[in-house]
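Let me begin by presenting the structure, written as structure tokens, before commenting on it.
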Amino acid sequence: MQFWPAPTPSGPLSAVVVVPGSKSLSARYLVLAGLADGPSVLRGVLNSRDTTLMAQALRVLGAEVTCDEDEWTVVPGDTLGGPGLVDVGLAGTVMRFVPPAAALAGGPVTFYGDPQASARPVGPLLGALRQAGVRVDQRDQGLPFTVYATGRVGGGEVSLDSSASSQFVSGLLLSGARYDAGLTVRHTGGSLPSAPHVEMTVTTLRAAGVVVDDTTEHVWHVFPGPVAGRDVHVEPDLSNAAPFLAAALAVGGQVSVPGWPERTTQPGALLPQILTEMGASAHLGDDGLTVRGDGVVHGVDLDLHDAGELAPTIAALAALADGPTRLRGIAHLRGHETDRLAALACELSRVGAAAEQTDDGLVIDPRPLRPARWRTYADHRMATAGALVGLVVAGVEVEDVETTAKTLPGFVGMWQTMLGATGTA
């Protein structure tokens with residue numbers, strides 16, 4: 001196993017970091033482009049393992065997808081393809097967004113993926129598809145499973161518990177307009193995690209001409225109708241920007257991210273507020289978002305229910321803080337690429353912090369930190385969290401840092417460029 005020596009800076013940071021397009025928006029635009037009534041041009045798509053797998057899934061379903069550096073073109077087939085095999089890798093978006101679309105294909109579509117992917121929940125989504133009249137065979141929990149498509153789906157109303165992942169709801173909504181009767185999705189479980197991602201889905205659908213009624217809490221009705229092909233530009237991925245902006249707070253100096261949107265449905269929009277609570281200053285101007293810090297990090301009590309993907313970055317900062325931190329509302333992170341709560345508690349403890357799991361989060365009490373090998377569990381956000389700790393703790397070595405290619409190819413080069421002349425190995 002390869003270990004990357006996380007670099008430490010010799011002085012305050014002064015950097016501009018250009019962050020590629022949002023993974024979440026890229027995935028939604030791609031699925032809708034594959035279901036559209038005409039070609040789509042997607043500019044600024046995140047070019048990563050997750051989106052490459054999504055593009056290949058669309059090809060299995062009969063679309064022509066051309067991936068150039070600056071723009072991707074999707075030309076849907078006259079009818080959806082099938083039969084076929086879809087590799088989901090470790091991408092929750094492919095595992096959960098593509099099966100409802102595959103239900104419209106012309107034959108059975110089987111989904112498989114990385115060994116770790118079988119631990120990611122998908123059962124409620126498949127159960128909802130069965131309610132909509134789709135035959136789905138699943139040998140065990142997780143992968144593989146097969147969607148036996150016949151070219152059309154009746155639709156109607158489905159109920160499911162989405163408390164493990166809001167992607168269940170989003171996946172159903174994205175394809176619902178192509179079902180004969182549309183689709184009404186009713187969430188019947190407890191609190192819905194990452195609710196802004198469902199809002200993102202609804203906003204994206206409406207922009208493609210799809211009529212969605214979300215006036216009743218936890219109920220979404222997608223009316224049947226066409227999905228418009230579009231020419232769109234993808235916003236920067238605000239969650240991928242998190243470790244870079246947090247670096248300014250961790251070691252001092254400033255980091256700017258150009259293109260930060262004034263309005264967005266991305267959960268990463270909470271970053272300026274969170275980093276300010278932890279001791280930074282944040283300014284949004286015409287040239288993007290700039291975060292400044294002096295190396296002093298404050299402990300916080302945060303509910304990250306709507307932005308759980310920020311938790312690894314915030315937890316890493318918490319280990320560097322001047323007091324304890326409690327992160328709440330993130331029990332659903334146990335079903336992400338890995339059990340992120342267990343992984344964070346283990347790795348933070350490995351470098352010397354006191355980190356304990358709670359029913360719905362983490363409590364982190366700073367202690368004198370020490371060098372250690374930081375394991376990543378094939379999880380991209382665990383890798384970036386380790387790099388953040390390594391800015392302050394010399395001698396941290398991050399296992400398999402290239403797992404960041406899942407959503408942020410070239411992370412190591414971006415990180416070292418941010419450090420510039422101040423970086424030391």
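Because the structure is a prediction, the values reported are computed rather than measured.
Taken from CG in L302 to CG in L304, the straight-line distance is 5.0 Å, to the nearest 0.5 Å. Taken from CG in D37 to CZ in R178, the straight-line distance is 9.0 Å, to the nearest 0.5 Å. Expressed to the nearest 0.5 Å, how far CG of D294 lies from CG of L249 amounts to 7.5 Å. To the nearest 0.5 Å, atoms OG1 (T384) and CG (L408) are separated by 8.0 Å. If you take CD1 on I364 and CG on L327, they are separated by 5.0 Å, rounding to the nearest 0.5 Å. In this structure, D237 CG and L25 CG are separated by 8.5 Å, a value rounded to the nearest 0.5 Å.
At a threshold of 4.5 Å between non-hydrogen side-chain atoms, the residues R43 and D70 do not count as touching. Side-chain contact between V75 and P39 is present, with heavy atoms from C-beta onward closer than 4.5 Å. Residues L333 and L341 have side chains in contact (heavy-atom distance under 4.5 Å, counting atoms from C-beta outward). A heavy-atom distance below 4.5 Å is not found between the side chains of E402 and W4. No side-chain heavy atom of V232 sits less than 4.5 Å from a side-chain heavy atom of S40. For the pair V86 and L61, the minimum side-chain heavy-atom distance is 4.5 Å or more. Using a 4.5 Å heavy-atom cutoff, the side chains of I314 and M278 are in contact. Under the 4.5 Å side-chain criterion, counting only non-hydrogen atoms from C-beta, L85 is not in contact with V60.
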Side chains of residues 112-121: which donor-acceptor partners sit under 3.5 Å, not counting sequence neighbours?
residue	atom	partner	partner atom	Å
D114	OD1	R49	NH2	3.0
D114	OD2	R49	NH1	2.7
D114	OD2	R49	NH2	3.4
S118	OG	L143	N	3.3
S118	OG	L143	O	3.3
R120	NH1	L90	O	3.1

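The 12-atom threshold is exceeded at CG of D68, counting heavy atoms of other residues, nucleotides or ligands nearer than 6.0 Å. Crowding of E356 atom CD: a count of heavy atoms from other residues, nucleotides or ligands under 6.0 Å not exceeding 12.
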request  = Take D400 and Y377 through the side-chain contact (heavy atoms from CB on, under 4.5 Å) test and state the conclusion after the steps.
outcome  = CA-CA 9 Å; D400 188 23; Y377 309 84; over 6 Å; no
Derivation of the side-chain contact (heavy atoms from CB on, under 4.5 Å) call for L30 and T93 = CA-CA 11 Å; L30 282 166; T93 49; over 6 Å; no
inquiry  = With side-chain contact (heavy atoms from CB on, under 4.5 Å) as the criterion, how do L173 and F97 come out once you've worked through the C-alpha distance, each side chain's angles and the decisive distance to 0.1 Å?
reply    = CA-CA 9 Å; L173 297 181; F97 290 2; over 6 Å; no
ask   = Is there a side-chain contact (heavy atoms from CB on, under 4.5 Å) between T403 and D379 once you walk through the steps?
value = CA-CA 6 Å; T403 193; D379 187 332; 5.8 Å; no
task = Take E399 and R373 through the salt bridge (charged side-chain N to carboxylate O under 4.0 Å, His left out) test and state the conclusion after the steps.
result = CA-CA 7 Å; E399 172 195 67; R373 286 186 162 178; over 6 Å; no
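Between F111 and F145, the angle of the ring planes stays under 30°, which puts this pair in the parallel group of the 30/60° scheme.
Heavy atoms only, all atoms of each residue included: A282 and L289 are closest at CB-CD1, 4.3 Å. Pairing each heavy atom of A103 with each of V147, the nearest pair is CA-CG1, 3.8 Å. Here the closest heavy-atom approach between residue G352 and residue L369 is recorded as C-CD2, 3.9 Å. Contact between V19 and P236 at its shortest, heavy atoms only, is O-CB, 3.7 Å. The minimum heavy-atom distance between P100 and L125, with the atom names listed, is CG-CD1, 4.0 Å. What you find for S166 and V198 is that their closest heavy atoms are CB-CG2, 3.7 Å.
Remark: the S191 side chain and the H305 side chain contain an N/O donor-acceptor pair separated by less than 3.5 Å.
For the side-chain hydrogen bond (donor to acceptor under 3.5 Å, both in side chains) with H380, the lone residue among T407, T404, D50 that qualifies is T407. Exactly one of K23, E309, Q266, R381 qualifies for a side-chain hydrogen bond (donor to acceptor under 3.5 Å, both in side chains) with S239. That residue is E309.
With sequence neighbours excluded, the residues forming a side chain to side chain contact (heavy atoms under 4.5 Å, CB included) with V363 are R326, T358, listed by chain and number. The side chain to side chain contact (heavy atoms under 4.5 Å, CB included) test applied to T290 returns Q254, S256, R292, not counting sequence neighbours.
The backbone N or O of V393 sits nowhere less than 3.5 Å from a side-chain atom of R370 that would complete a donor-acceptor pair. In this structure, W374 contributes its side chain and M382 its backbone to a donor-acceptor pair below 3.5 Å. The backbone N or O of S162 sits less than 3.5 Å from a side-chain atom of H187, completing a donor-acceptor pair.
Proximity of the aromatic rings of W415 and F244 is defined here by a centroid distance below 6.0 angstrom, and this criterion is met.
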